[in-house]
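This one's a predicted model, so the numbers in the text were calculated from it and none came from an experiment.
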Amino acid sequence: MALITRAQAEARKLLTEIGMDDIAELPMDLLASGLDATLIEKPMTSCDGRITFGVNRALIRINSLIEFPERKRFIAAHEIGHLRMHRGMDLPPDTKLTLNIISGMEKQLKTGKQELEANQFAAELLMPAPLFKNIAFRKPFSPELLKELAQRFRTSLTATAFRYAEMNLHPICIVMTAGGLVKYFRKSEEMKVYLGDITKVPPPAGSVAREYIESGYEFLYSKHEKAQVIKKSVWFDIGRYGDDSDYYEYCIPTKAYKTVLSIIWEK
């Protein structure tokens with residue numbers, strides 16, 4: 001991974017302060033309490049998380065209607081990132097958009113820089129780089145490895161996939177589709193392919209992502225079938241004389257949000 005960011009450095013500093021190199025078993029409300037913040041869960045209809053700064057303490061609210069505890073942990077870590085780096089700033093409630101923002105997208109939001117920093121902080125806090133690399137190093141990429149990592153760090157498959165790509169452990173490409181249109185993509189540094197401008201259009205015909213959209217975001221494949229074989233040209237530009245080799249596409253659909261996360265790598 002490249003030089004660490006301010007947010008990643010702050011997450012590592014916090015881990016040092018609390019004397020832990022792994023917080024997978026640490027309840028987030030307990031961590032927040034030790035940082036002069038109160039973390040509560042309550043039903044919220046318009047956002048997933050919010051932090052309010054008081055004179056001496058901060059209040060962190062997490063949407064109790066969120067189904068998956070792994071997502072709640074990431075939101076809590078995101079809000080703690082705001083607590084550590086953005087105290088006193090006027091921050092809006094965090095939504096699906098802010099919690100999914102990645103480098104290069106921060107200009108889409110008025111507070112995009114702060115949201116990107118909070119996400120980088122959360123990823124480093126929940127999935128510390130040294131531990132993550134130690135577990136994943138020299139293992140072939142697969143849906144099973146992604147699940148192993150997610151279970152180990154108690155993070156969502158989506159957050160784990162982006163962390164894996166960031167670590168540049170294996171050439172993969174991640175494409176996020178929301179509401180039937182490609183929103184953004186990220187490649188690991190070693191993924192030497194050309195996508196062109198694929199944003200704001202539906203995923204291509206022949207892609208597994210398209211299958212999931214057409215199925216209403218229902219799960220289509222399980223176990224060894226999760227990684228479907230596709231042709232490279234489905235997603236990537238191979239040029240006039242390019243080799244249209246076999247690739248894998250593994251999709252994680254989320255029916256509640258109408259999203260599909262595609263992970264693509266060479267067979």
Set of residues satisfying side chain to side chain contact (heavy atoms under 4.5 Å, CB included) with respect to [X], sequence neighbours excluded:
X: S142; value: E144, L145
X: K232; value: V193, F236, I238, D244, S245, Y247
X: E218; value: S215, K255
X: L65; value: P43, N63

Sorted by first residue and then second, give each ring-ring contact (aromatic ring centres under 6.0 Å, His included) pair with at least one member in residues 63-85; sequence neighbours left out.
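Applying ring-ring contact (aromatic ring centres under 6.0 Å, His included) to every pair that reaches into residues 63-85, excluding sequence neighbours, yields H78-H82, H82-H86.
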Roughly how far, to the nearest 0.5 Å, is the [atom2] atom of [Y] from the [atom1] atom of [X]?
X: D94; Y: K96; atom1: CG; atom2: NZ; value: 14.5 Å
X: T160; Y: I252; atom1: OG1; atom2: CD1; value: 8.5 Å
X: R61; Y: D48; atom1: CZ; atom2: CG; value: 13.5 Å
X: T5; Y: F121; atom1: OG1; atom2: CZ; value: 11.0 Å
X: L149; Y: Y164; atom1: CG; atom2: OH; value: 8.0 Å

Considering all heavy atoms of both residues, which atom of E117 and which atom of A7 are nearest to each other, and what is their separation?
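Looking at all heavy atoms of both residues, the shortest contact is O-CB, 3.1 Å.
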Shortest non-hydrogen separation from Q8 to E124 and the atoms involved
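Nearest heavy atoms, Q8 then E124: O-CG, 3.7 Å.
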Same cluster (ILVMFWY, side-chain, under 4.5 Å), M28 and I40
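No; tracing contacts between hydrophobic side chains, which count when under 4.5 Å, never links both residues.
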Is there a path from F162 to M191 through hydrophobic residues (I, L, V, M, F, W, Y) whose side chains come within less than 4.5 Å of each other?
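No; M191 is not reachable from F162 via cluster members.
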Side-chain polar contacts of residues 202-210 - donor-acceptor pairs under 3.5 angstrom, sequence neighbours left out - could you list them?
{"residue": "S207", "atom": "OG", "partner": "P204", "partner atom": "O", "Å": "2.7"}
{"residue": "S207", "atom": "OG", "partner": "R210", "partner atom": "N", "Å": "3.1"}
{"residue": "R210", "atom": "NE", "partner": "P203", "partner atom": "O", "Å": "2.8"}
{"residue": "R210", "atom": "NH2", "partner": "P203", "partner atom": "O", "Å": "2.7"}

Which ILVMFWY residues are connected to L181, directly or by a chain of links, through side-chain heavy atoms under 4.5 Å apart?
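Under the 4.5 Å side-chain rule, L181 groups with nothing.
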In the hydrophobic cluster built from side-chain contacts under 4.5 Å, what are the other members alongside M44?
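None, because no other hydrophobic side chain comes under 4.5 Å of this residue.
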With sequence neighbours excluded, residues passing side-chain hydrogen bond (donor to acceptor under 3.5 Å, both in side chains) with K139
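Once residues adjacent in sequence are excluded, the partners of K139 under the side-chain hydrogen bond (donor to acceptor under 3.5 Å, both in side chains) criterion are E148.
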For residues 259-267, which side-chain donor-acceptor pairs fall under 3.5 Å, sequence neighbours excluded?
{"residue": "S262", "atom": "OG", "partner": "E249", "partner atom": "OE2", "Å": "2.9"}

Partners meeting ring-ring contact (aromatic ring centres under 6.0 Å, His included) with F153 (sequence neighbours left out)
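Scan of F153 (ring-ring contact (aromatic ring centres under 6.0 Å, His included), adjacent residues dropped) gives F132.
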Pairwise salt bridge (Lys or Arg N to Asp or Glu O under 4.0 Å) hits with a residue in residues 19-29, at least two apart:
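Checked against salt bridge (Lys or Arg N to Asp or Glu O under 4.0 Å) - neighbours excluded - the pairs reaching residues 19-29 are D22-R152.
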